[in-house]
There are 2 protein chains.
Amino acid sequence: MPHLTDPRPQLTERLREHGIGPTHQRIEIARALFARMTHLSADQVLAAVNARHAETSKATVYNTLKLFVEKGLVREVIVDPTKVFYDPNMAPHHHFYDVETGEITDIEADRIAIGGLPSLPPGKVAAGLDLIIRIRSGA
Amino acid sequence: MPHLTDPRPQLTERLREHGIGPTHQRIEIARALFARMTHLSADQVLAAVNARHAETSKATVYNTLKLFVEKGLVREVIVDPTKVFYDPNMAPHHHFYDVETGEITDIEADRIAIGGLPSLPPGKVAAGLDLIIRIRSGA
DNA sequence: CAGGAGTCTGGACTCTGTCTAACCGCCCGC
DNA sequence: GCGGGCGGTTAGACAGAGTCCAGACTCCTG
């Protein structure tokens with residue numbers, strides 16, 4: 001009975017598509033993000049990777065996450081001043097951020113209409129658009 | 001010839017309006033923000049205050065900025081994972097963030113139309129809406 | 001098998017922000 | 001005025017995220 005759903009081949013493929021040489025550590029880090037498909041902070045990724053066999057250093061996790069962002073494999077979500085979250089969902093979308101629990105939830109982009117975007121300062125191009133709706137419990 | 005534009009009385013007044021007891025340190029911190037009307041990080045505020053006569057400790061600057069945010073005197077802008085910026089402009093508006101220079105620029109709210117905001121998760125209320133457009137130089 | 005480029009590692013380090021315990025000063029009741 | 005209390009301030013130790021560095025490792029190529 002062969003392993004039915006080993007994700008490593010798909011992950012290797014996906015890394016290659018983005019011009020990232022697949023190494024053991026990079027595959028494990030990609031697995032941590034794409035297996036869960038949730039927003040993880042760098043230290044959550046580190047913990048998830050090391051909870052399995054693969055021992056990986058903090059520096060490698062930080063370097064790799066930065067590389068993934070540069071190569072367009074994941075997206076940075078900056079909502080909490082104390083840590084950065086990494087979002088494996090690259091489809092256009094926005095975020096709810098619960099300021100009490102720290103929970104981040106996706107909002108599909110086509111559920112919000114943003115119109116009349118202003119002209120950019122001269123010589124500048126858009127590098128990203130983040131709409132963050134902060135929420136808390138209450139009446 | 002009396003001092004024509006000493007801002008301290010206005011600042012004292014403004015602090016009182018927001019239920020903040022005016023102390024020397026708080027007035028100096030408010031002055032640093034409102035004299036410039038730009039986005040400053042906590043350590044920039046600390047440097048600005050201490051560049052004048054007033055010696056003020058790091059803890060007081062952090063405590064005071066947090067107090068100002070609670071009382072609705074200034075607004076936190078979270079765009080850079082390494083530090084929080086404080087924005088004395090409380091009128092509804094959004095932000096450009098230059099990822100290369102770190103510069104933050106205001107966009108008046110009525111220049112952007114955001115429609116069809118999604119329903120919030122049950123039991124939650126909106127606590128703020130931040131639209132950040134990241135820009136960089138380039139073609 | 002040797003060389004080299006690229007990758008990984010642990011640990012020291014930096015920096016923003018928090019905490020704590022003592023101190024100060026202002027105001028209020030007497 | 002005088003004393004006491006309490007909010008505000010302080011310096012410095014501390015915590016946690018992220019960076020840096022020099023050395024070691026891996027894997028590909030010739």
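Chain letters run A, B, ... following the sequence lines, proteins first and then strands; every chain starts at 1.
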Specify the separation, in whole Å, of atom [atom1] of [X] and atom [atom2] of [N].
{"X": "A:Asp80", "N": "C:dT18", "atom1": "CG", "atom2": "C1'", "value": "14 Å"}
{"X": "A:Lys66", "N": "C:dT7", "atom1": "NZ", "atom2": "C1'", "value": "15 Å"}
{"X": "B:Leu65", "N": "C:dT18", "atom1": "CG", "atom2": "C1'", "value": "14 Å"}
{"X": "A:Leu67", "N": "C:dC8", "atom1": "CG", "atom2": "C1'", "value": "13 Å"}
{"X": "B:Gln44", "N": "C:dT16", "atom1": "CD", "atom2": "C1'", "value": "13 Å"}
{"X": "A:Asn63", "N": "C:dG6", "atom1": "CG", "atom2": "P", "value": "15 Å"}
{"X": "A:His24", "N": "C:dC8", "atom1": "NE2", "atom2": "P", "value": "10 Å"}

Hey, does the side chain of B:Arg36 reach the backbone of B:Ala32 with a donor-acceptor pair shorter than 3.5 angstrom?
yes

Could you tell me if A:Glu28 and A:Thr56 have a donor-acceptor pair between their side chains, going purely by distance under 3.5 Å?
no

Side-chain H-bond candidate by donor/acceptor type, A:Thr64 with A:Gln25, under 3.5 Å
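Note: A:Thr64 and A:Gln25 side chains miss the donor-acceptor criterion.
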
Rounded at 0.5 Å granularity, tell me how far CZ in B:Arg75 sits from NE2 in B:His93.
4.5 Å

So B:Thr82, base contact, sugar-phosphate only, or nothing? Heavy-atom distance under 4.0 Å.
sugar-phosphate

At a heavy-atom distance below 4.0 Å, which nucleotide of DNA chain D is the first touched by chain A, and which is the last?
D:dA17 to D:dC20

Can you classify the ring geometry of A:His39 versus A:His95 as parallel (below 30°), tilted (30 to 60°) or perpendicular (above 60°)?
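Perpendicular: the ring planes of A:His39 and A:His95 meet at over 60°.
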
Tell me which of A:Val61 and B:Val84 sits closer to the 5' end of DNA chain C, going by the nucleotide each one is nearest to.
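Between the two, 5'-proximity favours A:Val61.
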
Closest non-hydrogen atom pair, B:Ala42 against B:Val61
O-CG1, 3.8 Å

Heavy-atom pair of closest approach, residues A:Tyr86 and A:Leu33
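Minimum heavy-atom separation between A:Tyr86 and A:Leu33: O-CD2, 3.9 Å.
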
Excluding B:Leu120, membership of its hydrophobic cluster (Ile, Leu, Val, Met, Phe, Trp, Tyr; side-chain heavy atoms within less than 4.5 Å) reads A:Phe96, A:Ile107, A:Ile112, A:Ile114, A:Leu117, A:Leu120, A:Leu129, A:Leu131, A:Ile133, A:Ile135, B:Phe96, B:Ile107, B:Ile112, B:Ile114, B:Leu117, B:Leu129, B:Leu131, B:Ile133, B:Ile135

Do any side-chain nitrogens or oxygens of A:Thr23 fall under 4.0 Å of OP1 or OP2 in C:dT7?
no

Does B:Tyr62 make a side-chain N or O approach to OP1 or OP2 of C:dT18 shorter than 4.0 Å?
no

Hey, what are the protein-to-nucleotides 10-13 of chain C N/O distances that come in under 3.5 Å?
none

Given A:Arg26, which of A:Asn63, A:Leu73, A:Ile20 fulfils the side-chain contact (heavy atoms from CB on, under 4.5 Å) condition?
A:Ile20

